[in-house]
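A short worksheet on the structure shown next.
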Amino acid sequence: MNSASLALLTDLYQLTMAYGYWKLGAAEKQAVFQLSFRHNPFGGGFTIGCGLEAAIEYLNSQRFTEDDLAYLATLTGNDGQPLFESGFFDYLGKLRFSCDVHAIPEGTVVFPHEPLLRVTGPMLQCQILETPLLNLINFQTLIATKAARICLAAGGQPVLEFGLRRAQGIDGALTASRAAYIGGCTATSNVLAGKKFGIPIRGTHAHSWIMAMPSEQEAFDAYAEVMPNNCVFLVDTYDTLQGVRNAAQTGKKLRERGHEMTGIRLDSGDLNYLSVESRKILDQNGFPNAAIVASNDLDEHIIASLKQQGAAINVWGVGTRLVTGHDQPALGGVYKLSAIRQAGEPWEFKVKLSEQAIKISTPGILQVRRFENENGSFSEDVIYDEELGLPDAPLMIDPEDLTRRRKIKPGQRGTDLLVPVFRAGKCVYQSPPLPAVRERAQQQLQRFHGGVKRFVNPHRYPVGLEEKLHDRRLKLILKARGVA
């Protein structure tokens with residue numbers, strides 16, 4: 001958060017609606033909004049929730065400054081007259097965040113239709129949070145999920161995030177490094193992310209170091225002289241396998257001085273063939289423990305293919321296709337109104353319709369309970385309304401296909417996923433350290449059936465609406481369509 005004020009990090013229509021609520025005397029009307037998404041990204045079977053810490057930081061600092069209000073006063077309508085009345089600026093200037101927020105902790109595996117975050121409070125405040133919350137959570141969730149997929153493909157071998165130079169600007173780079181670490185990456189090349197978030201950083205030299213020296217051998221020797229404790233040699237500047245031989249010769253000199261060559265890096269060509277041949281050269285020269293690092297536009301599919309081919313690669317450097325969400329550039333999260341009321345009155349539940357069933361929203365004050373089997377593995381998630389409650393053996397109904405139903409066993413153990421984060425505008429949640437969030441993601445993934453983690457035709461993890469919630473939703477849909 002580099003700006004003194006981020007209150008204007010929003011779309012104009014959020015402010016025009018806020019003005020409308022204020023003008024009509026509805027600004028303090030109570031509302032509930034839910035943030036969710038409709039599809040697992042990358043054609044996968046799971047998603048890693050991420051971005052909550054940034055959302056908390058934003059909410060804690062949410063203020064309209066005099067400078068913000070002065071800018072808004074310059075906006076005009078199509079008649080050239082001011083867009084907002086001056087009284088609205090007085091209201092915004094005094095506004096202090098006072099909502100309740102419940103959210104699923106970062107690093108949790110989540111699924112379509114589940115609320116990642118629920119905001120309850122004055123209508124105007126809830127409304128103007130839509131754009132910033134989606135901005136903060138969508139991207140990090142996308143990148144954490146991509147990183148988790150890449151790390152699954154690597155099969156426990158280290159994955160290094162090398163995406164800074166290809167990321168979408170400074171903020172995109174920093175948030176991508178953070179999310180990639182949560183998703184399972186071991187380290188990043190992004191030094192600022194290392195400082196800001198405490199992520200381990202890795203890196204040695206580029207092709208330019210080799211090209212700046214009289215020869216590749218001299219370049220390796222020079223680097224080993226100045227940086228003896230950080231020697232991973234990039235070997236593909238001229239002739240890759242000769243580069244490996246040259247690296248081995250430098251490694252021998254390094255060893256004589258009491259240091260050890262960490263490994264080599266392959267950044268182009270047939271990575272399977274070159275890694276196998278490089279392994280032979282390194283072993284023959286007495287470096288069986290030297291790592292072979294591979295880069296060059298890798299993703300989970302290429303890594304899985306290389307491993308299937310028997311590539312002798314120990315460490316994977318992934319950049320562009322990770323930090324940009326290469327094959328799906330946005331998560332597509334949504335933030336929908338689900339209930340509204342005057343203070344002290346019962347909730348009036350709201351549903352948003354669509355010609356596409358997947359886009360129909362779910363009304364209510366939603367919570368998610370995740371159930372588990374006797375062996376501790378996760379079995380299904382039930383979305384329910386906190387006011388309606390959840391029976392001991394609920395029936396869950398697929399929100400996209402009402403014929404798909406599943407009965408939960410009586411007494412089956414389950415845990416509610418959304419936890420209190422803000423109460424009446426005060427933060428009541430302590431964000432865990434980043435390594436703990438990363439570990440949560442790994443532990444979560446281990447408790448799901450392997451089919452959920454497949455890249456091709458993944459198993460669809462059961463997620464459904466509790467029966468009473470489903471019935472209310474259906475009733476409101478039929479009513480809105482004039483058939484009830």
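You'll find the ring centres of Phe97 and Phe422 inside the 6.0 Å limit. Aromatic ring centroids of Phe448 and Tyr461 lie under 6.0 Å apart.
Looking only at atom types and distance, the side chain of Glu114 has no donor-acceptor partner in the side chain of Ser36 under 3.5 Å away. Counted by atom type alone, Gln442 and Gln446 present zero donor-acceptor pairs between their side chains at under 3.5 Å. Side-chain contact, Tyr384 with Asp416: a donor N or O sits under 3.5 Å from an acceptor N or O. The closest side-chain donor-acceptor pair between Gln34 and Ser338 falls under 3.5 angstrom. Gln14 and Thr131 share a donor-acceptor pair across their side chains, judged by distance under 3.5 Å alone. Remark: the Gln444 side chain and the Arg370 side chain contain an N/O donor-acceptor pair separated by less than 3.5 Å. For the residue pair Gln367 / His102, no side-chain donor-acceptor distance below 3.5 Å is found, with atom types taken as modelled. A donor-acceptor pair shorter than 3.5 Å can be found between the side chains of Arg440 and Thr108. Donor-acceptor pairing under 3.5 Å is lacking for the side chains of Lys146 and Gln328.
In this structure, the side chains of Ile360 and Arg473 come closer than 4.5 Å at one or more pairs of heavy atoms. Two residues are said to be in side-chain contact when any heavy atoms from C-beta on lie closer than 4.5 Å; Met396 and Pro462 meet this criterion. Residues Leu35 and Ile137 form a side-chain contact, since some pair of their non-hydrogen atoms from C-beta on lies under 4.5 Å apart. Side-chain contact between Gln342 and Glu348 is absent, with no heavy atoms from C-beta onward closer than 4.5 Å. Taking the side chain as every heavy atom from C-beta outward, Lys94 and Phe64 never approach each other to under 4.5 Å. Using a 4.5 Å heavy-atom threshold, the side chains of Leu52 and Tyr429 count as touching. Gln30 has its side chain within reach of Trp347: a pair of non-hydrogen atoms, C-beta onward, lies under 4.5 Å apart. By the 4.5 Å heavy-atom criterion applied to side chains, Arg321 and Glu300 are not counted as neighbours.
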**Request:** Would you sort out whether Arg404 and Arg460 count as a side-chain contact (heavy atoms from CB on, under 4.5 Å), showing the intermediate values?
**Result:** CA-CA 12 Å; Arg404 291 170 59 94; Arg460 185 180 176 193; 3.7 Å; yes
**Prompt:** What's the verdict on salt bridge (Lys or Arg N to Asp or Glu O under 4.0 Å) for Arg149 and Asp299, showing C-alpha distance, side-chain angles and the deciding distance?
**Reply:** CA-CA 9 Å; Arg149 289 167 59 85; Asp299 62 14; over 6 Å; no
**Request:** Give the intermediate values and the outcome of salt bridge (Lys or Arg N to Asp or Glu O under 4.0 Å) for residues Arg369 and Glu380.
**Result:** CA-CA 9 Å; Arg369 183 162 299 177; Glu380 58 269 307; over 6 Å; no
**CA sep, side-chain torsions, deciding dist, call: Val483, Leu478, side-chain contact (heavy atoms from CB on, under 4.5 Å)** = CA-CA 5 Å; Val483 292; Leu478 294 174; 3.4 Å; yes
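Without hydrogens or angle criteria, Ser361 side chain to Lys352 main chain gives a donor-acceptor distance under 3.5 Å. When atom types are taken as modelled, the side chain of Arg202 and the backbone of Ser189 share no donor-acceptor pair closer than 3.5 angstrom. When atom types are taken as modelled, the side chain of Ser305 and the backbone of Ile302 share no donor-acceptor pair closer than 3.5 angstrom. Remark: the backbone N or O of Pro41 is not paired with any side-chain donor or acceptor of His39 at under 3.5 angstrom. Using a distance-only test at 3.5 Å, with no hydrogens or angles considered, a donor-acceptor pair links the side chain of Lys453 to the main chain of Leu445. A donor-acceptor pair under 3.5 Å is absent between the side-chain atoms of Gln62 and the main chain of Ala7, judged by distance alone. The backbone N or O of Thr65 lies less than 3.5 Å from a partner atom in the side chain of Asp68, making a donor-acceptor pair. Without hydrogens or angle criteria, Glu85 side chain to Gly87 main chain gives no donor-acceptor distance under 3.5 Å. Distance alone, capped at 3.5 Å, is enough to place a donor-acceptor pair between the Thr141 side chain and the Cys50 backbone. Looking only at distances, no side-chain donor or acceptor of Glu130 sits under 3.5 Å from a matching main-chain atom of Gln127.
For CZ of Arg405, the number of neighbouring non-hydrogen atoms (other residues, nucleotides, ligands) closer than 6.0 Å is greater than 12. Other residues, nucleotides and ligands place no more than 12 heavy atoms under 6.0 Å from the CG atom of Asn457. Taking a 6.0 Å sphere around CZ of Arg447, one finds it holds more than 12 heavy atoms contributed by other residues, nucleotides or ligands. When the shell of 6.0 Å around NZ of Lys407 is examined, it contains more than 12 heavy atoms from other residues, nucleotides or ligands. Residue-environment remark: CG (Asp67) stays at or below the threshold of 12 foreign heavy atoms within 6.0 Å. For Asp79, the CG atom sits in a packed shell: over 12 heavy atoms of surrounding residues, nucleotides or ligands are nearer than 6.0 Å. The local environment of CZ in Arg413 is sparse, with at most 12 non-hydrogen atoms from other residues, nucleotides or ligands closer than 6.0 Å. More than 12 non-hydrogen atoms from other residues, nucleotides or ligands lie less than 6.0 angstrom from NE2 of His301.
Here the closest heavy-atom approach between residue Ala173 and residue Asn190 is recorded as O-ND2, 3.7 Å. Considering all non-hydrogen atoms of both residues, Arg178 and Ile199 come closest at CA-CD1, 3.8 Å. Summarising the geometry of Leu337 relative to Ala31, their closest heavy-atom pair is CD1-CB, 3.9 Å, with the distance given to 0.1 Å. Shortest non-hydrogen contact noted between Pro399 and His113 is CG-CD2, 3.7 Å. In this structure, Ala424 and Asp100 approach most closely via the heavy-atom pair N-OD1, 2.6 Å. Considering every non-hydrogen atom in both Arg38 and Ile358, the closest pair reads O-CD1, 3.3 Å.
Phe37 contributes atom CZ, which lies 7.5 Å from atom OG1 of Thr145 (distance to the nearest 0.5 angstrom). Once rounded to the nearest 0.5 Å, the distance linking CG of Asp471 with CG of Leu469 reads 9.0 Å. Once rounded to the nearest 0.5 Å, the distance linking CD1 of Ile182 with CD of Gln140 reads 6.5 Å. With rounding to the nearest 0.5 Å, the separation of CG in Asn135 from OG1 in Thr175 is 8.5 Å.
A search for salt bridge (charged side-chain N to carboxylate O under 4.0 Å, His left out) contacts involving Lys468 returns Glu466, not counting sequence neighbours. Contacts of Phe88 classified as ring-ring contact (aromatic ring centres under 6.0 Å, His included), with partners at least two apart in sequence or in another chain: Tyr19, Trp22, Phe84.
Classification of Asp392 and Lys409 as a salt-bridged pair fails, no side-chain N sitting under 4.0 Å from a carboxylate O.
Annotation: cation-pi geometry satisfied between Arg472 and Phe349 (NZ/CZ under 6.0 angstrom from ring centroid, within 45° of ring axis).
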